[in-house]
**Q** 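For reference, the structure I am asking about is given below.
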2 protein chains.
Amino acid sequence: MQPEISDHIFYSFLTGGLCASSSTTSTTTTSSFYPFAIEDTVSQEKALAAQRNHKEAERRRRERINSHLNKLRKLLSCNSKTDKATLLAKVVQRVKELKQETLQITDETLPSETDEISVLNSEDSSSNEDGRIIFKVSFCCEDRPDLLQDLMETLESLQMETIFADLTTVGGRSRNVLVVAADKEHHGVESVQFLQNALKSLLERSSKSVMMGHGGGGGGERLKRRRALDHIIMV
Amino acid sequence: MQPEISDHIFYSFLTGGLCASSSTTSTTTTSSFYPFAIEDTVSQEKALAAQRNHKEAERRRRERINSHLNKLRKLLSCNSKTDKATLLAKVVQRVKELKQETLQITDETLPSETDEISVLNSEDSSSNEDGRIIFKVSFCCEDRPDLLQDLMETLESLQMETIFADLTTVGGRSRNVLVVAADKEHHGVESVQFLQNALKSLLERSSKSVMMGHGGGGGGERLKRRRALDHIIMV
DNA sequence: TAACACACGTGACAC
DNA sequence: TGTGTCACGTGTGTT
C-alpha cells in the first residue's frame, strides 16, 4: 500500500499536483530522470485531459444528486440546512406515509367481494366519559338504491346517533363504516348484539334486492370496478 | 494551489501516506529535518488519531446516507443497481405524485363552503360515438338526508343515466360529482341548461332544508370538519 | 478505450 | 474544544 502511494505522490509532484492513472506509473518512473520526452509529454497531456474530464464528470454527478436532494428539501419544506442523511430519513418516512395513506383510501375503503359485518366497542376512553357508548360499525354488502335510507332508519330505530359515516359503493358492492353513539340510559355493551342483528337483516335485504336500476342499459355484463371514490361523510 | 498540494504530498510521504491537517504544516516542515522530536511524536500521534476519527466518522456518515437510499430503492421497488441520481429523481417524482394524489382526494373531493354548480359537456370523444352525450356534473351544497334521493329522481326525470357518481358530504356540506349520459334522441348539447336548472332548484331546496336530524345532540356549535372520507360510488 | 458511477480519504467550515 | 457535515479529487470497477 505504501509504495503505491509513494509512487503516486512522486508522480503527482512531477505533474504539478495532478495524478495520472496508476497504469502509467512504470513509464513515469523510468522517464522521471529524463523528463519531458516527447512521447511522454503527449501521453501526459492525454492523461491530464482524462483526469480533467473525470474531475468535471464527477462534479456534474454531484450537482445532479444535490439538485435532486434540494428538490426533495422543497417538497418536504425542509430548511436548506437540513442534513442530507436526516433529509433522506424524512423522505423515507414521508413516502411510507403517503403510500399507506393512499393505500388506505383506495383499498381499505373499497368494499370487499364477500359480505361482512363488524361491530366494535370503541376503545377510545375519552368518548366514554360523556355518558355515551361509542361503536364502530363496518359492513360490506351488495349495493342497492335505498341502502343508505334503510341504514339510517335502522340506526334511528335503535336510538343511535351517527357521529361519523363512510359509505363507499363501487361496482355494485358497498362498504360502510360508521361510528355511532348510544346513550348509556338505553344501551349497554350488549347493544353490540342489537347492532349486529340489525345489520344482518339489512344485509339480507340487500342480497335479495336487485341492483341499481340505471346500471345496465346495454349488455348484461358486470361493469368493471373503477378506481375512483365516492363519498358521503356525516358528522 | 500547487505549492499547497506539494506540501501536502510531502508531508503525506513523511507520515506514510496519511495526511495531517494543514494547520500543523509549519511545525512539520521545521521538524522534518529533526525527525521524531518527542513533542512532535506526541502531536503526530494525536493528529493521526484525529484523522482516524475523522475518517471513520465520514465512513459512518456515508453508510447512513446510503442506507436511506437503499430504503428508498426498496420503497420504489428499484433495482439495487439503480443510479443514485436517477433514484433520487424517481423519488422526487413519486413524492410529487403521491402528494398530488392525496391532495386531490382530500381537497378536491371535499365540498366547498359556497354553493356551486358546474355542468360540462364531456370532451371525451369516444363516449360521443355511441349515440349518447356525456355530461360531467359537479355541485356543492348544504347537506340534507334526502339529497341523494332527490338527485336521482331529478336525473331520472331528465332521462339521464348516471354512469359515475362521487358524493362527498362532510361537516354538513356536500360535494357531488356525477358523470351522466343522455340519449341523443332526447337530448342535445343544450341539455346542459336543463341540468343546470334542475340542479339549481335542488340546491335551493337544500339551502332551505334543515340539517341532518341526528347531527346536533348537545351544543349548537357546528362540528369541526374531520379529515376523513365517506364515499358512495355508483358505476 | 472512453464514459459512467461509486466509495474513499481529505481539507474546510460550523457549532 | 471536538464532533459533524460537506465538496472535492482520486482510484477503481463496470459497461
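We name chains A, B, ... by the order of the sequence lines, and we start the count at 1 in each one. The shown structure was predicted, so the numbers you read here are calculated from the model rather than taken from an experiment.
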**Q** Shortest non-hydrogen contact from A:Leu199 to A:Val137?
**A**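 Scanning both residues completely, I find the closest heavy atoms to be CD1-CG1, 3.2 Å.
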
**Q** Roughly how far apart are B:Glu101 CD and A:Lys99 NZ, rounded to 0.5 Å?
**A**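 The CD atom of B:Glu101 sits 12.0 Å away from the NZ atom of A:Lys99.
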
**Q** Do the side-chain N or O atoms of B:Arg60 get closer than 4.0 angstrom to the phosphate oxygens (OP1, OP2) of D:dT3?
**A**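 No, no such contact exists.
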
**Q** Can you list the residues that meet the side chain to side chain contact (heavy atoms under 4.5 Å, CB included) rule with B:Arg52, with sequence neighbours excluded?
**A** B:Glu56

**Q** Which whole-number value in Å describes the distance from B:Glu56 CD to D:dT5 C1'?
**A**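 Distance check: B:Glu56 CD to D:dT5 C1' gives 17 Å.
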
**Q** With rounding to the nearest 0.5 Å, note down the distance linking CG in A:Asn70 to OG in A:Ser80.
**A**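 A:Asn70 atom CG to A:Ser80 atom OG measures 8.0 Å (nearest 0.5 Å).
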
**Q** Does any donor-acceptor pair link the side chain of B:Glu58 with the base of C:dC8 at a separation under 3.5 Å?
**A** no

**Q** Protein-nucleotides 13-15 of chain C N/O pairs closer than 3.5 Å?
**A**
none

**Q** Within the structure, does a side-chain N or O atom of B:Arg62 lie under 4.0 Å from either OP1 or OP2 of C:dG9?
**A** yes

**Q** Please report, rounded to the nearest Å, how far the P atom of D:dG2 is from the CD atom of B:Gln51.
**A** 13 Å

**Q** Suppose we screen for side chain to side chain contact (heavy atoms under 4.5 Å, CB included). Which residues come up paired with A:Arg61, at least two apart in sequence or across chains?
**A** A:Glu58, A:Arg64, A:Ile65, B:Lys84

**Q** Rounded to whole Å, how long is the line connecting atom CG of A:Asn66 with atom C1' of C:dC6?
**A**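 Rounding to the nearest Å, CG of A:Asn66 and C1' of C:dC6 are 15 Å apart.
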
**Q** Given atom CG of B:Leu48 and atom P of C:dG11, what is their separation to the nearest angstrom?
**A**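 Checked: the CG to P distance equals 12 Å.
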
**Q** Which pairs of donor and acceptor atoms, one on a side chain in residues 85-97 of chain B, lie under 3.5 Å apart (sequence neighbours left out)?
**A**
from	atom 1	to	atom 2	distance (Å)
B:Thr86	OG1	B:Asp83	O	3.2
B:Arg94	NH1	B:Glu97	OE1	3.1

**Q** Restricting to non-hydrogen atoms, name the atom on A:Ala182 and the atom on A:Met160 that form the minimum distance, rounded to 0.1 Å.
**A**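 Smallest interatomic distance, heavy atoms only, reads CB-CG, 4.0 Å.
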
**Q** Between C:dC8 atom C1' and B:Lys55 atom NZ, what is the distance in whole Å?
**A** 10 Å

**Q** Reading DNA chain D 5' to 3', how would its secondary structure be written in dot-bracket notation, given Watson-Crick and G-U pairs with both distances under 3.5 Å, brackets [ ] for crossing pairs and | for partners on other strands?
**A** .||||||||||||||

**Q** Check whether any side-chain N or O of A:Asn53 sits under 4.0 Å from OP1 or OP2 of C:dA2, and answer yes or no.
**A** no

**Q** Counting only heavy atoms and a strict 4.0 angstrom limit, can you tell me which residues of residues 67-92 of chain B come near DNA chain D?
**A**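 Contacting residues: none.
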
**Q** With a 4.5 Å limit on heavy-atom distance, are the side chains of B:Thr114 and B:Glu116 in contact?
**A** yes

**Q** Once you round it to whole Å, what is the distance between C1' of C:dA5 and CD1 of A:Ile65?
**A** 9 Å

**Q** Looking only at non-hydrogen atoms, find the nearest pair between B:Phe135 and B:Val192 and report the distance.
**A**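 Scanning both residues completely, I find the closest heavy atoms to be CE2-CG2, 3.4 Å.
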
**Q** Distance check: side-chain N/O of A:Arg59 vs OP1/OP2 of D:dA7, anything under 4.0 Å?
**A**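 A:Arg59 to D:dA7 OP1/OP2: no side-chain N or O under 4.0 Å.
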
**Q** Can you find a donor-acceptor pair, distance only, under 3.5 Å between B:His54 side chain and C:dG9 base?
**A**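 For B:His54, whose side chain was compared with the base of C:dG9, there is no donor-acceptor pair (under 3.5 Å).
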
**Q** To the nearest Å, how far apart are A:Arg61 CZ and D:dG13 C1'?
**A**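 Roughly 13 Å, once rounded to whole Å.
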
**Q** Using 0.5 Å steps for rounding, measure from the CG atom of B:Leu120 to the CG atom of B:Leu195.
**A** 11.0 Å

**Q** So what does B:Arg52 hit on the nucleic acid, given a heavy-atom distance under 4.0 Å: a base, only sugar-phosphate, or nothing?
**A** nothing

**Q** Between B:Leu203 and B:Cys140, what is the shortest heavy-atom contact and its length?
**A**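 Minimum heavy-atom contact is CD2-O, 3.6 Å.
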
**Q** Check A:Cys78 against A:Thr82 and note the closest heavy-atom contact, atom names and distance.
**A** CB-OG1, 3.4 Å

